[in-house]
Structures are given as C-alpha cells and as structure tokens.
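The sequence lines fix the lettering, A, B, ..., with proteins before strands; numbering per chain opens at 1.
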2 protein chains.
Amino acid sequence: MFDKILAHVAKHISLTQEEQQLFTSLLKPRKLLRRQFLVQAGDICRYESFIVSGCLRSYITDADGQEHVLHFAIEDWWISDFGSFLHHTPSQTNIEALEPVETLQLDLASLERLYREIPAFERFFRILHQNAYLAQNERILSGISRTAMERYEAFLKRYPAIAARVPQKHLASYLGMTPVFMSQLRKKRMER
Amino acid sequence: MFDKILAHVAKHISLTQEEQQLFTSLLKPRKLLRRQFLVQAGDICRYESFIVSGCLRSYITDADGQEHVLHFAIEDWWISDFGSFLHHTPSQTNIEALEPVETLQLDLASLERLYREIPAFERFFRILHQNAYLAQNERILSGISRTAMERYEAFLKRYPAIAARVPQKHLASYLGMTPVFMSQLRKKRMER
DNA sequence: AAACGGCGTTAAACTGGTTTAATTTCCCGC
DNA sequence: GCGGGAAATTAAACCAGTTTAACGCCGTTT
C-alpha cells in the first residue's frame, strides 16, 4: 500500500525502517470517484495529497463564472491548494478527480512533526518545491513568449501522457486558450 | 555590511553567533554598475545573489531576437538562473542591473555546506521556495485569466515600488504585452 | 432503441492586442 | 547647458485568438 510513496521519497532522501514507519503512520488514505472534489473553493485545504493512482485538475472559477485550470496531477505527484494548506485560509481553487483516484494525505501538523523528527524531510520538500518552481518558470515563460500553437506543441512533447488523458477543454484552459481555437490548431497540425 | 542579510534570514530561522559567522564567511560581495550583467545567457550561473541594494531584471532572448522579462529583483530578494545554478548547465537567461547594485553571493558548494552544517538552512530555503512557488502561481493564474489592463493594475497594486522604478518597456514585457499597448492602457486610466 | 446531454468540430463575425511608423519627450554623457 | 539616442506616446492598419451558434458524435440513462 505504501510502496509507491516510499519509492517516491527514496528518490531524494533515505529513511531508516523506523522513519519509514513514522512517515507512513501519518498518512491517511482517501479515495475519490470520478467528478468528486478533493477540495472545494471556500474550504480550508487541510492536506497535501500524494496521488497513488488517477488524475485530477485544480482550477479556479473567476468573477464571470469562467473556469481556469491551474494544474493537472497524476500518479506520483502531490496536489493541494498550497496557500490554503499552509496558512489555513479558504481555498481559492477547486480540485476535482477526472478519474477514480487514490490518495495518501498528510496534514500540516503531521508535516511539521515530520520536519521536527526527521529533518531529512525539510530537504525532501525543499527539493520538491525547487522543482515546482523551475516548472512554473517554464510555464510563465511559455505564457509570455509563445503563440498558442507553440504552447500546445510544447505541452504535447513534455506531457504526452497527460495530453492523451484529460478532456481537451481542460487542456485548452490550462494552456490559456479556448477549446474552439485549440481544435483549430489540432486541425492545422493534422493537415501538415 | 551583513546586517541586511542577517535580518532577512532572521525572519525565518534563528542562528547562533557562530552560525552567523559561518554563514557570512561564505558570502562574496559583488557590485555591479548600471547595465552590467550579473549573468549572461550561455554562462553557468555560479551564485545565488542576495541583493543588498539596487534593482535587476532577468530575461531571455528568444529565437526571433525578442526579449522577455522573467523577473525583477530588488533589495532583500535573491536572484539567479536557478536551473543553471542547481545543475551547472548553461544559463538560458540574462540578468542585468537596471541600477548600480550591491550583492552578496553564495555558490552551490557553500550552500551545500550550509545545509550540512546548519540544517536550519534547509528550512530557510524551503520557505523561500515555497513563497516563490506561491507567487508564481499567482502570476500564472493572472496570465491565463486576466486581460492586459487587469494584469497591469494588479501589478501596480502589488508592486508599486517596482512599477515606479523600472522602465515601462520592461514592465510591459514582464506583463506579456507590448510597450505600445501598455502606453494606451495608461492613457485610458488617466482619462478615467 | 430512443432520448438526452456533454464534448469536439466547423464556420463566420468580431475584438483585444500587435505592428509599423511618425512625433515628442526625457535622460544623461560630454 | 547642449546634443544625441533611447524611451514613451499617438494613430492606423492588421492579425491572432475569441465568441457565438449550428452540427455531429459518442456514451449514458431510461
């Protein structure tokens, strides 16, 4: 049951048997059906959720009622409304299962206990946040310097598994364009 | 000389006298004139630079020769090409002083030594990266959900000091619009 | 198997933002 | 303080991406 998450953690830090035990004892499993919400806007997001299987999207609904996809997350990734989780403030985002999902959840008190009792976890999450920061930089650059076609093709190249797995309208939203326009881009690519 | 950076670090972690001494002994001062580069594309970015005074921008030049501003940085912030710094790969970005700048620089070996000898620094940089990640999220959201006018006004509200300090063309680039269009937005705001 | 509703596609009108180019203003180096 | 070059402004033509609406294709429900 904990194999996947232990293998994931072992990519960055090594834990003794006892440390593994402590860590896994803090994790609470949670399963979601398709279309079920892990977090809803207005809730306080109480967990960082490690995804054992399945696929989710996080998005916000703006003042005009329009949805904007912030992230996709699949196996071996973590997801949360990070601001809400850290500061116990109401979540801006919704996080919805696009497929049946199994997660392992860690609450803030448990995370802080981990930091205290197994300092290597400071390192582990530092590395995760570093990587997240690098990926975000890429995405920002993409947004200010690339055309819609370039963004679409870059996504296909970098995350082919996700592109094949999520509805196009959500991908279009993630990429900052309309589903109609993305469909036109797909057509142009086919003709080429 | 080290007052500013010690005060900055003290916001997140507490250090003993000896730890402060070790930390500051690893910092190398570097000053830049206006228009001088802290990092040039193609170089390996060997330092995280803490800014004691002055203002810089990081940007990339794309295949068409167009510049795109990724970040501004002022007093009390850190700047680097983080990917280049971490992995010793050639920098994608240029980092240029917009004013005379004083920095304190930390190289990767020193940073790793800090992590080893003062584990609190794992925590310190975890928190910095967490905050960076949150700010990046905001910006991405802004890019996919807001109009140019909304982005401009949000920036003015959040970073008025920077907006007043940097050339408009750089700000326009940061916000993902042309200087000409931003000038039109400014005019509309004045008329209102 | 019929009816329903959500999703992707197509086409056409439209608009927010770009491009180009001319004019003015502002630095700042001498 | 003066001259030159870069930055900001204005106007007009242009284009990338949006909007609206109609249609066809599944997959689900009944």
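- With side-chain heavy atoms closer than 4.5 Å counting as contact, directly or through intermediates, the hydrophobic cluster containing A:Leu32 also holds A:Leu38, A:Val39, A:Ile51, A:Leu56, A:Ile79, A:Ile95, A:Val101.
- Checked against side-chain contact (heavy atoms from CB on, under 4.5 Å), A:Leu175 has the following partners two or more places apart in sequence or in another chain: A:Arg151, A:Tyr152, A:Phe155, A:Leu171, A:Met177, A:Met182.
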Give every donor-acceptor pair under 3.5 Å between a side-chain atom in residues 109-119 of chain B and any protein atom, sequence neighbours left out.
| from | atom 1 | to | atom 2 | distance (Å) |
| --- | --- | --- | --- | --- |
| B:Ser110 | OG | B:Asp107 | OD1 | 2.8 |
| B:Arg113 | NE | B:Glu117 | OE2 | 3.1 |
| B:Tyr115 | OH | A:Arg126 | NE | 3.4 |

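- Side-chain heavy-atom separations under 4.5 angstrom define the hydrophobic clusters, and the remaining members of the one that includes B:Ile60 are A:Leu141, B:Leu70.
- Sorted by residue number, the members of residues 157-174 of chain B with any non-hydrogen atom under 4.0 Å from DNA chain D read B:Pro167, B:Gln168, B:Lys169.
- Residue A:Ile140 is found in a hydrophobic cluster whose other members, listed by chain and number, are B:Ile140; membership requires side-chain heavy atoms under 4.5 Å apart, directly or through intermediates.
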Discussion item. How would you summarise protein contacts on nucleotides 13-30 of chain D per nucleotide, using B for base, S for sugar-phosphate only and - for none, with heavy-atom distances below 4.0 Å?
Written reply: ----BBBB----------

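- For A:Asn137, the side-chain contact (heavy atoms from CB on, under 4.5 Å) test picks out A:Tyr133, B:His71, B:Gln136, with sequence neighbours left out.
- Regarding B:Lys188, its NZ atom lies at a distance of 17 Å from the C1' atom of D:dA8, rounded to whole Å.
- Checked against side-chain hydrogen bond (donor to acceptor under 3.5 Å, both in side chains), A:His12 has no partners two or more places apart in sequence or in another chain.
- Residues near B:Val180 contribute nothing to a hydrophobic cluster around it, because no ILVMFWY side-chain heavy atom sits closer than 4.5 Å to its side chain.
- With a heavy-atom cut-off of 4.0 Å to chain B, the contacted part of DNA chain C has its first and last nucleotide at C:dG17 to C:dC28.
- An end-to-end axis angle of 50° holds for the helix from C:dA1-D:dT30 to C:dC30-D:dG1, taken from five base pairs per end and rounded to 10°.
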